[in-house]
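Before any comments, here is the structure.
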Amino acid sequence: MNVLEQTEETLKQEIADAAIQANLASKEELPDIVLEKPKDKSHGDFATNIAMQLARIAKKAPRQIADDIVANLDKAKVSVEKVEIAGPGFINFFMKDDFLGEIIPTILKSDKEYGKTNIGNGEKVQVEFVSVNPTGDLHLGHARGAAYGDVLCNVLDAAGYNVEREYYINDAGSQIDKLANSVEARYLQELGQDAEMPEDGYHGQAIIDIAKKLVAEYGEEWATKEQDERIAFFKEFGLQSSLENIKMDLKEFRVEFDNWFSERSLYKENKIPGALKKLEEGNYIFEQDDATWFKSTAFGDDKDRVLVKKDGNYTYLTPDIAYHKDKLDRGYDQIINVWGADHHGYVPRMRAAIQALGYPVEKFDVKIIQMVNLFEGGEKIRMSKRTGKAVALRDLIEDVGVDAARYFFVTRSNDSQLDFDMDLARSQSNDNPIFYVQYAHARICTMLEQAQNKGLGSGEVYDVSLLTAEKELDLMKKLGEFPQVVSDAAVKQTPHKVTQYVFDLATLLHSFYNAEKVLDQDNIERTNARIALMKAVRIAIRNALGLIGVTAPEKM
RNA sequence: GUCCCAGUAGCUCAGCAGGAUAGAGCAACAGCCUUCUAAGCUGUGGGUCGGGAGUUCGAAUCUCUCCUGGGACGCCA
């Protein structure tokens, strides 16, 4: 537990005791005390609305209740400067400045660990994300899912969850056949033959590159072979090449997985019939029109779903059900899937499947990532997977860099669409939030370097009580919030809160920097205290950027 | 037609486990570099939180309804 949390806990306890002592409510009746940090400084450092909440129970006016609570408060136990009652019955607490005193020493001591919490309590969480079909390049939409999933995992990890990252490789369905056919057509075209791309094939550049690679390695060898043999070979070649590309792109994007789960392994290990059998035991299977159906409507789905097609093949859903069964059998407390918005309609049937298999549906969670719209020169760039004109992740990285791309993708809530402004992401100006934040870090590094050159603040001796300027207090309060921000982002699965936080912290740093001078030969005491503050800010920025997967440069 | 997401300042978006006078960035306007990085800072203007009803002491936040935009509704994946 960090310093601010401890102060809050003590304060909450005091308020609860005071309320009971004033006979406003019994221990059982008393609601949880909520402490908030008022936006307006004139409302103090903490505020509680307990008086309003107790109005009905105590059958008294809120302001009267607030009076009673304040009268019974033992101010000696917490470092409260003064207490005020305001508005409809808020109780505002103004703390003595020294309540911030422990923040800086705590941060400097925790260093890389600062921000970590144990709210997850070691709970096992698995996050499956990206999981793009190995039939082409990763593009913009996938990139957002990749950034979201990765940062979510970082945040969960920091908040004390036991996280695993997994990628589901669709290497068994009909899309792989399409891939083989597409590769074949491109291969023959490379050799100057008059081959036609299948209507429903993959038209992207990636397939052409694979064909070129084939020609480079095998020449015309495969043109003369039996088609069956050729297709079989191209299927594997295409699959492996695509997978390699995807892995390479993700690695460059700083996304690494613990598991790469192959759909084929479900076939090999006979897991699909097992899942079907389980469904059958629950009477959720029926035959109709020569197909096998899953009665997903029993769990609120719009319509029932086909599992085994008329032609005897599984639909996409069937191995996916087996896959989710497998995941749940691995003993995670929670499995989170990160899906694109175009797959949201798939959620009810998978939820139905989880329930039909007899698992608690609360363990299954889907995060939907809304679309990304790319803007350049004020105009929207349309993307389409079919025509192959989608903007590839690789191109995006080359253009704006990994830092800017990752940062931009986790600036917004996952369920808001995202307008990605290429010009802004590229710009080396104060308009660009990633540069703004990184600049704050670099600025601190420069100051600390100079401090060292001048022989200032090198020791462990500093007196934080000298930090009384408003901007110093603001910085310390913000620093103290970091662990709560991490917990909040993890629990609510909203990694963009970290991005917002680090931006706000950078703002306070820049503001402080312009208002106060850190290195002052004529005031060594204060200089040492400020250097300690700067070190603490640097740690918080670095750790926050680390969670987002963005570098913290020392010079810019 | 059904389902999902969104609708908050001129633009892009936070805020949505109900709390005080609704925030940030950009854009606009006015200022700040003999001082640790001006990739920075300070200030000003700007809002019927899509409309309406309800619950509540209190609603941008919860419920219902309507409108607008985007997406999804295959024996595709």
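Scope of the values below: all heavy atoms of this structure, side chains included, with no hydrogens, waters or symmetry mates. First the proteins, then the strands, lettered A, B, ... as listed; each starts at 1.
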Item to check | Residue mapping more 5' on RNA chain B - nearest nucleotide basis, A/Asn432 or A/Gly345 | outcome: A/Asn432
Checklist outcome for this item: Per nearest nucleotide of RNA chain B, the residue lying toward the 5' end, A/Phe503 or A/Lys310, is A/Phe503
Between [N] atom [atom2] and [X] atom [atom1], what is the distance in whole Å?
X	N	atom1	atom2	result
A/Trp339	B/C5	CH2	P	15 Å
A/Phe375	B/A27	CZ	C1'	16 Å
A/Asp302	B/G74	CG	P	9 Å
A/Tyr316	B/C75	OH	P	16 Å
A/Asp419	B/A6	CG	C1'	12 Å
A/Met447	B/A38	CE	P	10 Å
A/Lys478	B/A24	NZ	P	12 Å
A/Leu508	B/A24	CG	C1'	12 Å

Reckon [X] touches a base, only the sugar-phosphate, or nothing at all at heavy-atom distances under 4.0 Å?
X	answer
A/Gln428	base
A/Asp504	nothing
A/His510	sugar-phosphate
A/Ala442	base
A/Glu263	nothing
A/Tyr513	base

Base-pairing mate for [N] - Watson-Crick or G-U, with both contacts under 3.5 Å:
N	answer
B/A72	B/U2
B/A20	none
B/A14	none
B/G7	B/C67
B/C49	none
B/U56	none
B/G31	B/C41

Next on the checklist: Quick check on B/C67: syn or anti? Syn means the glycosidic torsion is within 90 degrees of zero.
Outcome noted: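 Anti, angle beyond 90° from zero.
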Checklist entry - Can the positive tip of A/Lys471 be found less than 6.0 Å from the middle of the six-membered ring of A/Phe512, inside 45° of the ring normal? => result no
Checklist entry - Between A/Leu179 and A/Gly238, what is the shortest heavy-atom contact and its length? => result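 Closest approach of A/Leu179 to A/Gly238, heavy atoms only: CD2-C, 3.7 Å.
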Item to check | Which atom of A/Asn92 lies closest to which atom of A/Ala86, heavy atoms considered | outcome: ND2-CB, 3.6 Å
Checklist entry - Reading nucleotides 14-20 of chain B from the 5' end, what letters show protein touch, with B for base, S for backbone sugar-phosphate only, - for no heavy atom under 4.0 Å? => result SSSB-BB
Using atom [atom1] of each nucleotide, how far apart are [N] and [M] to the nearest Å?
N	M	atom1	answer
B/U48	B/C57	C1'	23 Å
B/G50	B/G31	C1'	38 Å
B/G46	B/C3	P	42 Å
B/C64	B/A22	P	27 Å
B/G15	B/G19	P	13 Å
B/G45	B/C5	C1'	34 Å
B/G47	B/G51	P	14 Å

Checklist entry - Would you say the ring centroid of A/Tyr167 lies under 6.0 angstrom from that of A/Phe129? => result no
Next on the checklist: Please report whether the ring centroid of A/Phe482 lies less than 6.0 Å from that of A/Tyr501.
Outcome noted: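 Yes; A/Phe482 has its ring centre under 6.0 Å from that of A/Tyr501.
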N/O (side chain, [X]) to phosphate O (OP1/OP2, [N]) under 4.0 Å:
X	N	result
A/Lys303	B/G74	yes
A/Lys309	B/C76	yes
A/Arg443	B/A38	yes

Just by distance, with hydrogens left out, do [X] and [Y] show a side-chain donor and acceptor under 3.5 Å apart?
X	Y	result
A/Thr507	A/Tyr436	yes
A/Asp403	A/Gln438	yes
A/Thr117	A/Ser487	yes

So which protein nitrogen or oxygen atoms get under 3.5 Å of nucleotides 29-34 of chain B's nitrogens or oxygens?
none

Next on the checklist: Any salt bridge linking A/Asp326 with A/Lys271? Criterion: basic side-chain nitrogen under 4.0 Å from a carboxylate oxygen.
Outcome noted: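 Salt bridge flag = yes for A/Lys271 with A/Asp326.
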Next on the checklist: Checking side-chain hydrogen bond (donor to acceptor under 3.5 Å, both in side chains) between A/Asn337 and each of A/Lys367, A/Glu166, A/His324, which is the one that passes?
Outcome noted: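 Running side-chain hydrogen bond (donor to acceptor under 3.5 Å, both in side chains) over A/Lys367, A/Glu166, A/His324 with A/Asn337 returns exactly one hit, A/His324.
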Checklist entry - Which pairs pass salt bridge (charged side-chain N to carboxylate O under 4.0 Å, His left out) with one or both residues in residues 339-354 of chain A, sequence neighbours excluded? => result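 Non-adjacent pairs meeting salt bridge (charged side-chain N to carboxylate O under 4.0 Å, His left out): zero.
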Item to check | A/His343 and A/Tyr346 aromatic ring geometry - parallel, tilted or perpendicular at 30°/60° bounds | outcome: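 A/Tyr346 and A/His343: perpendicular rings.
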Item to check | Listed nucleotide nearest any side-chain atom of A/Met371, set B/U42, B/C75, B/G71 | outcome: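 It is B/G71.
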